[in-house]
Amino acid sequence: MKATTPPKTYRVKSFGCQMNVYDGERMAELLAERGIAPAPDGEEADLVVLNTCHIREKAAEKVYSDIGRLAKADGTKPMIAVAGCVAQAEGEEIVARAPAVSMVVGPQAYHRLPAMIDRAVMGERATDTDMPPNTKFDVLPRRRKSAPAAFLTIQEGCDKFCTYCVVPYTRGAEISRPFADLAEEARKLVEAGAREITLLGQNVSAWSGEDDKGHAIGLAGLVRHLARIDGLARIRYTTSHPADMDDALIAAHGEIDKLMPYLHLPVQSGSDRVLKAMNRSHTAESYLRLLERFRAARPDLALSGDFIVGFPGETEAEFEETLRIVDAVGYAQAFSFKYSPRPGTPAATMEGQVARDVMDDRLQRLQAALNRDQLAFNERSVGRTCEVLVERKGKHEGQWLGKSPWLQSVWFDGAPGDDTRLGDLVGVELVQAGPNSLRGMVRETVDA
Ligand code: 5AD
Ligand code: SF4
């Protein structure tokens with residue numbers, strides 16, 4: 001690789017989950033600290049970071065085609081870094097197959113990106129997919145400006161080893177960030193403009209730590225502490241595993257006003273045989289009972305889930321059990337996927353891989369049911385008056401976009417003499433529901 005001039009502009013392209021969005025923002029800050037500026041809209045940057053996702057199919061193929069397409073206005077290639085989970089899983093192959101890539105950096109090593117850029121400028125290629133626990137968080141720059149709704153990674157990695165999933169391999173073993181670091185980062189985020197913080201992790205319900213008095217606490221304790229931060233109005237968390245939801249967390253949903261009435265709790269399948277083959281450690285029945293306890297604590301809780309259709313060996317009857325659990329829960333939102341064999345995971349070599357057209361058909365039927373329930377949930381919300389956190393300007397002049405407590409997208413027109421600002425919590429009556437958003441009208445007071 002030839003020596004080159006140091007990059008003046010960067011672009012970080014993040015794919016996949018919110019953890020990657022968080023990591024992408026942190027990388028952008030590292031680059032900005034080095035005096036590299038974000039590339040202007042419509043212009044390719046001198047340095048492009050592809051922050052990749054490996055959770056489902058063709059992720060690696062997509063990376064190679066993205067690399068192929070990257071070009072600056074003069075036809076030359078930008079400096080390219082591949083980051084994220086594809087980098088972790090297939091680092092060596094990327095270096096071998098894509099000569100245009102100068103840096104491969106895993107999700108636990110991206111704090112070393114600036115040093116890698118220096119080497120790339122000298123014409124060296126570098127790969128760093130080490131997994132030292134925690135260190136990256138210690139060296140990341142502090143955030144100076146935050147969106148009204150911010151993310152905070154509290155935990156990374158997963159020890160659950162669901163048989164279809166690459167996460168335990170790409171993100172490694174579960175680690176919890178220390179309480180003091182999280183408390184400080186949350187405070188800084190609020191000072192920087194955040195009104196809502198979503199606590200992120202592959203398995204946040206497994207977070208554990210010690211509070212400022214040395215008491216052992218779990219996720220519920222962490223939420224309770226963060227809720228004391230003045231100026232922070234809303235707390236959410238995602239994603240959790242049914243096996244780790246404890247009484248304290250259930251109680252927290254009933255007791256902490258700032259904890260929003262929304263729970264994303266993946267179930268994956270409604271069939272106990274499939275759940276066992278997935279190594280999920282819960283049954284359809286135990287999942288439903290758990291949700292009942294959450295709903296008893298917080299009756300207006302909106303539920304969200306993840307589903308996989310076509311896991312190896314899934315029969316039509318077993319798939320129908322998934323449809324039944326959907327009917328039983330009535331999800332407000334959901335994410336559903338066709339099973340994708342991930343190299344190195346136990347399920348990839350299981351017998352009874354399901355044919356593509358069968359998966360297509362099941363996914364379509366599942367999504368029809370989930371869409372129906374999402375619309376029904378939105379329609380049931382009409383008539384409620386709630387706070388909307390204003391996150392963006394709408395398409396039209398004077399229009400605002402934000403989120404309800406139940407994570408619905410809501411748009412509304414500013415009242416006459418409008419002095420609404422991003423980050424405001426505005427009282428809004430939900431007046432009209434669509435499948436993906438609701439229209440609201442500004443009101444003086446909100447429902448209790
Ligand atoms: N195939 C399809 N979906 C998957 N997920 C994780 N691994 C796979 C896979 N191999 C889905 C699960 C998980 C979500 C983040 O992605 O539903 O909850
Ligand atoms: Fe993957 Fe299962 Fe861990 Fe979720 S709980 S990250 S699906 S192994």
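What you are looking at is a predicted structure, and each value in this text was computed from that prediction instead of being measured. Numbering of ligands and ligand atoms starts at 1, following listing order. Positions are given from 1 along the sequence.
- Among all protein heavy atoms, the one lying closest to atom 7 (N) of ligand 1 is Tyr164 CD1, 3.3 Å.
- Ile308 CD1, 3.6 Å is the protein heavy atom nearest to atom 4 (C) of ligand 1.
- Of the protein's non-hydrogen atoms, the one nearest atom 15 (C) of ligand 1 is Asp306 OD2, 3.7 Å.
- Under the 3.5 Å distance criterion, the side-chain polar atoms of Asp272 are matched with a main-chain donor or acceptor of Ala284.
- With respect to atom 16 (O) of ligand 1, the closest heavy atom belonging to the protein is Arg56 NH1, 2.8 Å.
- Side-chain atoms of Phe311 and Tyr164, non-hydrogen and from C-beta on, do get closer than 4.5 Å to each other.
- Contact of the Leu249 side chain with the Asp246 side chain is registered, since non-hydrogen atoms from C-beta on lie closer than 4.5 Å.
- Given atom 7 (S) of ligand 2, the protein heavy atom at minimum distance is Tyr164 OH, 3.2 Å.
- By the 4.5 Å heavy-atom criterion applied to side chains, Pro261 and His253 are not counted as neighbours.
- Scanning all heavy atoms of the two residues, the minimum distance from Met19 to Gln155 falls at CE-O, 3.7 Å.
- The ring pair (Phe, Tyr, Trp, His ring centres under 6.0 Å) contacts involving residues 169-190 comprise Phe161-Tyr169, Phe179-His225, where partners must be two or more places apart or lie in separate chains.
- Using a 4.0 Å threshold on non-hydrogen atoms, atom 4 (Fe) of ligand 2 does not count as touching the protein.
- Side-chain atoms of Thr198 never come within 3.5 Å of backbone atoms of Phe151 as a donor-acceptor pair (strictly under, hydrogens ignored).
- Side-chain contact between Val426 and Glu387 is absent, with no heavy atoms from C-beta onward closer than 4.5 Å.
- Among the candidates Phe377, Phe307, Tyr262, the single residue satisfying the ring-ring contact (aromatic ring centres under 6.0 Å, His included) test with Tyr331 is Phe307.
- In terms of protein heavy atoms, atom 6 (C) of ligand 1 is closest to Ile55 CG1, 3.4 Å.
- Protein heavy atom at the shortest distance from atom 9 (C) of ligand 1 is Ser340 O, 3.7 Å.
- Between the side chains of Asp424 and Trp400, no donor-acceptor pair is found at a separation under 3.5 Å.
- For atom 2 (C) of ligand 1, the closest heavy atom belonging to the protein is Lys338 O, 3.3 Å.
- A 6.0 Å sphere centred on CG of Asp257 holds no more than 12 heavy atoms belonging to other residues, nucleotides or ligands.
- Among protein heavy atoms, the minimum distance from atom 17 (O) of ligand 1 is reached at Gln268 OE1, 2.7 Å.
- Taking 2.8 Å as the limit, the number of protein N, O or S atoms around atom 3 (Fe) of ligand 2 is 1.
- Each of the atoms 1 (N), 2 (C) of ligand 1 lies under 4.0 Å from some heavy atom of Tyr339.
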